[in-house]
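We count ligands from 1, going down the list as the structure has it; atoms in each ligand are counted the same way. The shown structure was predicted, so the numbers you read here are calculated from the model rather than taken from an experiment.
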Amino acid sequence: MDIVHVASEFAPIAKVGGLGDVVSGLSIACVKLGHHVQVILPKYSFLELDGLEKVRDVEVKENGKKIVSQIWKGHFEGVELLLVDPDHPKKYFKRGVIYGEEDDNARFLFFNKVACAAIDKKRCDVIHLHDWMAAGCSLFLKRHPFAKVIFTIHNLKYQGRCSPDNLDRLGIDYDQGEISDPIFEETVNLLKGAIQYSDAITAVSPSYAKEILTSEQGCDIEGTLIQNRKKISGILNGVDTEYWNPETDPLLAKTYTLETREEGKAANKRHVQERLGLPLNAEKPLVAAITRLVPQKGPDLILYGLEKTLENGGQFVLLGSSSEDEIRQEFEAFENDPNVALRFDYDEPLSHLLYAGSDMLLMPSIFEPCGLSQMIAMRYGTVPLVRRTGGLKDTIFDGENGFTFDVPDNKSVALLIERAFAAFEQEEWGGLIETGMKTDLSWDASAQKYLKLYQ
Ligand code: ADP
């Protein structure tokens, strides 16, 4: 098949979070299965890729004025990348960042228009759009359909709400009633457009696909989702099992396999304790949280998990990226406890060591579309302690490969820690680790599901 993705991220060359991993992971897996895969993304100024060649110019109009975009072609592990480089007076993609600009809606809508014009219609069976940053394509493709359109929801919270002026400037022909925001009626909602006009919609886990139909997790767009529910399915993300591999990971103190995990994990645990100034102790359970410290991830519950870990005689490491002082300060009350290490950074190398050296990973998310951390933990023989929501519910099963709870409150977290610590003392612990390490978390199975949907 000829598959074309339109996306704002592609790991590792343009990545902010999980979205970039999914676009590249899925694309590479489909190439390996014999398909032709093209990914169209903006040519960000910071993007580095060898062997780029300019293939052509695409002209689109904005406010009646012609703007030329250069289209560059490159390759990454068999995936063909088409990079859109607009010669726009506002230098849309030459600002050193992917998101966070006040004109993000205008930037990505413009990219969407060029992307649709750049697609080779003779080599395109399916167009796969990712999140609101590509949702605008559905508006162009609705008027000029030449392939089936799939839209994937990675996180419903972000919807591309913008003023109709953004669409008018690009000469987009649309029906305001069909794409007006459910709350702010004067505003256009790009994600709503993609929900209405795509041929199929996926969410990144089966449970999340159900949860987004509820008022609790529907982010105010559940009405439109419910109307289109027949088109919606959930496909779990995979993990890059070559990159996240305890057998070969160069960032570990000692690599290990399922068979050598006891020595391997013990060496990494010792290394983590030494490096973070924790007392050297092989017996105490070491609990880690590796996360963005944002409300979605349940920071209050992580904090309570820390307290309970200490009360039950364990050690706790937090690797949490946070821009919110208030959240940090609450954790800092424990800064001087010898059994606590706090790192308020995004630190990829340290995260690898923690996945390998910890005994448990705490992930009490309020909502979680799929979640990657719990799957990485499983690969490294670290037992996930999670709230049963979204992708966590689909990957972690109580007493089999981790411990789970439902109600997001302190009582549940206290019980969770107590149960996990009790199991840590028993033989069953080895079974939990083994089940996790043996699980196939690769992209292969998920890519097959996407291919079936494409077909
Ligand atoms: P989300 O995409 O919502 O942040 P996921 O669990 O899907 O959550 O993916 C998180 C990814 O980011 C994982 O690879 C995790 O290891 C990594 N990560 C999260 N926070 C940090 C951090 N502070 N330092 C290093 N890596 C982090």
Undergrad: Does the distance from a Lys or Arg side-chain N to an Asp or Glu carboxylate O, for Asp21 and Lys15, drop under 4.0 Å?
TA: yes
Undergrad: For Ser373, counting its heavy atoms only, list the atoms of ligand 1 lying under 4.0 Å from any of them.
TA: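 Under 4.0 Å from Ser373, ligand 1 has these atoms: 6 (O), 10 (C), 13 (C), 15 (C).
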Undergrad: Examine the proximity of ligand 1 to His352 and report which part, side chain or backbone, both or neither, has a heavy atom under 4.0 Å away.
TA: neither
Undergrad: I'd like to know if Asp220 pairs up with Lys192 as an ion pair, taking the criterion as any Lys NZ or Arg NE/NH1/NH2 lying under 4.0 Å from an Asp or Glu carboxylate oxygen.
TA: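 Here Asp220 does not pair with Lys192 in a salt bridge, since their nearest N and O are not under 4.0 Å apart.
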Undergrad: Taking the six-membered ring where the residue is Trp, are the ring centres of Phe111 and Tyr92 under 6.0 Å apart?
TA: no
Undergrad: Between ligand 1 and Leu372, is the shortest N or O to N or O distance under 3.5 Å?
TA: yes
Undergrad: For ligand 1, which atoms, with element, lie under 4.0 Å from some heavy atom of Gly18?
TA: 2 (O)
Undergrad: Once you restrict to heavy atoms under 4.0 Å, what part of Thr291 touches ligand 1? Side chain, backbone, both or neither.
TA: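 The answer is the backbone.
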Undergrad: Flag the pair Phe108 / Phe93 as yes when their ring centroid distance falls below 6.0 Å, and as no otherwise.
TA: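 Here the rings of Phe93 and Phe108 have centres that are less than 6.0 Å from each other.
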Undergrad: What atoms of ligand 1 come closer than 4.0 angstrom to any heavy atom of Asp345?
TA: 22 (C), 23 (N), 24 (N)
Undergrad: Taking distance alone, with no angle check, do Glu348 and ligand 1 share an N/O pair under 3.5 Å?
TA: no
Undergrad: Answer yes when Arg387 and Glu368 have at least one side-chain N-carboxylate O distance shorter than 4.0 Å, and no when they do not.
TA: no
Undergrad: Give the intermediate values and the outcome of ring pair (Phe, Tyr, Trp, His ring centres under 6.0 Å) for residues His128 and Tyr454.
TA: CA-CA 9 Å; His128 192 155; Tyr454 296 161; 5.7 Å; yes
Undergrad: Is Arg343 in contact with ligand 1, taking contact as a heavy-atom separation below 4.0 Å?
TA: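 Distance cut 4.0 Å: Arg343 fails for ligand 1.
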Undergrad: Report yes or no: does Lys297 have a heavy atom closer than 4.0 Å to ligand 1?
TA: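 Contact check Lys297 vs ligand 1: positive.
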Undergrad: Mind telling me whether His352 and Trp244 have parallel, tilted or perpendicular rings, with 30° and 60° as the class edges?
TA: parallel
Undergrad: For atom 24 (N) of ligand 1, what is the closest protein heavy atom, and at what distance to 0.1 Å?
TA: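 Scanning the protein heavy atoms, the shortest distance from atom 24 (N) of ligand 1 goes to Asp347 N, 3.0 Å.
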Undergrad: Between Glu274 and Arg270, is there a salt bridge with N-O shorter than 4.0 Å?
TA: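 Salt bridge absent between Arg270 and Glu274.
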Undergrad: Taking distance alone, with no angle check, do Trp244 and ligand 1 share an N/O pair under 3.5 Å?
TA: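 Among all N and O atoms of Trp244, none is under 3.5 Å from an N or O of ligand 1.
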